[in-house]
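Heads up, the thing below is written out as structure tokens.
As a basis for the values below, the full set of heavy atoms in this structure was taken, side chains included, without hydrogen atoms, waters or symmetry mates. Computed from a prediction, not measured in an experiment: that's the story for all the values here.
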Amino acid sequence: MGYELVIFDNDGVLVDSERISNTLLAAYLTELGHPTSYEDSLRDHMGAAMHRVHELVLERTGRRLPDGFDETFHARVFAAFARELEPVPGVREMLDGLRASGTAYCLASSGSHERIRVGHRSAGLTGYFDDARIFSAEDVGKGKPAPDLFLHAAAKMGVAPERCVVVEDSPLGVQAAVAAGMDVYGFTAMTPAGRLAGANGLFGSMAELPGLLKLAM
């Protein structure tokens with residue numbers, strides 16, 4: 001396949017954060033008078049930037065979320081991260097293998113730079129990603145499913161989109177990668193395979209990824 005760059009989503013792919021953040025998001029929206037279950041949150045918001053939460057609530061109810069919504073939500077999430085966030089099983093070993101093989105990699109996340117950094121500190125992944133390998137929807141202003149973030153990451157890393165492969169666990173992320181003209185492999189640890197339609201392949205364990213991508217590790 002000859003991929004020159006592996007682009008990882010962050011939440012749910014590198015750090016096991018989706019359960020935490022979607023539990024808290026559902027609770028907060030419900031608290032504000034927008035009844036939302038955990039399953040609703042996963043369906044509507046997994047893999048999305050915060051602006052999508054605001055847009056969907058406004059579209060469905062005609063009401064805007066309050067000023068300070070993002071700040072309050074992130075404060076709750078960061079406190080929970082500090083207590084309980086862990087890396088996705090097998091991620092450290094997989095990243096060690098990428099580094100040992102000289103394969104270029106980075107991450108492109110719908111989350112803010114602050115959220116990414118807080119999560120990595122809590123999960124013990126800080127040493128794997130310096131600033132030059134971290135890209136956020138904040139950098140482009142338009143999150144997934146738009147292709148902008150993945151195209152931005154590829155350009156900054158100096159690799160043509162067709163030589164990149166994306167590792168994603170959300171339908172929005174798969175859509176964004178396809179729109180960017182990149183191959184994409186779907187991680188099914190939390191997401192039913194049927195929701196990742198459009199992916200080039202699916203896998204349920206990080207140990208499977210090097211073989212799937214035909215990387216020499």
Side-chain angles (χ1 to χ4, degrees), residues 1-18 46-47 86-111 116 119-120 123-137 140 143-217:
M1 293 183 185
Y3 297 123
E4 296 176 17
L5 176 67
V6 183
I7 305 176
F8 292 99
D9 176 42
N10 186 54
D11 292 292
V13 171
L14 298 174
V15 293
D16 195 10
S17 55
E18 292 289 7
M46 183 175 173
E86 297 287 342
V88 166
V91 155
R92 287 197 185 97
E93 294 80 0
M94 183 269 299
L95 291 173
D96 285 339
L98 285 178
R99 293 204 296 194
S101 70
T103 303
Y105 67 89
C106 66
L107 74 83
S109 172
S110 293
I116 295 165
H120 283 201
L125 295 182
T126 302
Y128 291 99
F129 293 90
D130 57 22
D131 290 343
R133 294 176 190 258
I134 295 178
F135 305 99
S136 162
V140 295
K144 306 166 189 176
D148 306 40
L149 177 55
F150 289 137
L151 293 173
H152 172 72
K156 288 292 187 180
M157 296 293 290
V159 179
E162 63 270 20
R163 309 308 297 171
C164 300
V165 61
V166 174
V167 182
E168 265 286 355
D169 72 331
S170 76
L172 294 176
V174 169
Q175 292 171 38
V178 171
M182 300 177 182
D183 283 357
V184 54
Y185 287 83
F187 185 39
T188 60
M190 277 193 62
T191 309
R195 296 199 66 216
L196 299 177
N200 297 81
L202 303 170
F203 68 105
S205 164
M206 281 296 155
E208 301 173 50
L209 186 59
L212 194 65
L213 302 183
K214 294 182 169 55
L215 298 174
M217 289 166 52

Restricting to non-hydrogen atoms, name the atom on [X] and the atom on [Y] that form the minimum distance, rounded to 0.1 Å.
X: Asp183; Y: Asn200; value: CA-OD1, 3.3 Å
X: Val140; Y: Asp148; value: CG1-O, 3.9 Å
X: Val174; Y: Ala199; value: CG1-N, 3.8 Å
X: Ser101; Y: Leu98; value: OG-O, 2.9 Å
X: Ala123; Y: Val15; value: CB-CG1, 3.8 Å
X: Gly204; Y: Glu208; value: N-OE2, 3.3 Å

Q. Among all residues two or more places apart in sequence or in another chain, which pass the salt bridge (Lys or Arg N to Asp or Glu O under 4.0 Å) test with Glu162?
A.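 With sequence neighbours excluded, Glu162 shows a salt bridge (Lys or Arg N to Asp or Glu O under 4.0 Å) to no residue whatsoever.
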Q: State which residues pass salt bridge (Lys or Arg N to Asp or Glu O under 4.0 Å) with Arg195; sequence neighbours excluded, sorted by chain then number.
A: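 By the salt bridge (Lys or Arg N to Asp or Glu O under 4.0 Å) rule, Arg195 matches no residue at all.
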So how far is it from [X] [atom1] to [Y] [atom2], rounded to the nearest 0.5 Å?
X: Leu107; Y: Leu149; atom1: CG; atom2: CG; answer: 9.0 Å
X: His120; Y: Asn10; atom1: NE2; atom2: CG; answer: 4.0 Å
X: Leu212; Y: Ser205; atom1: CG; atom2: OG; answer: 11.5 Å
X: Thr191; Y: Glu168; atom1: OG1; atom2: CD; answer: 9.0 Å

Q. Tyr105 and ring pair (Phe, Tyr, Trp, His ring centres under 6.0 Å): which partner among Phe135, Phe129, Tyr3?
A.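 Answer after filtering Phe135, Phe129, Tyr3: Phe129.
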(Q) So, applying side-chain contact (heavy atoms from CB on, under 4.5 Å) with Asp9, which one of Leu172, Val184, Val166, Asp169 is it? (A)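 Of the listed residues Leu172, Val184, Val166, Asp169, the side-chain contact (heavy atoms from CB on, under 4.5 Å) partner of Asp9 is Asp169.
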**Q.** Whether Ser136 side chain and Gly111 backbone form a donor-acceptor pair below 3.5 Å
**A.**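 A pair under 3.5 Å: yes.
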Q: Ignoring hydrogens and angles, tell me if any N or O in the side chain of Thr188 forms a donor-acceptor pair with the backbone of Ala193 under 3.5 Å.
A: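 The answer is no, because no donor-acceptor pair under 3.5 Å joins these two groups.
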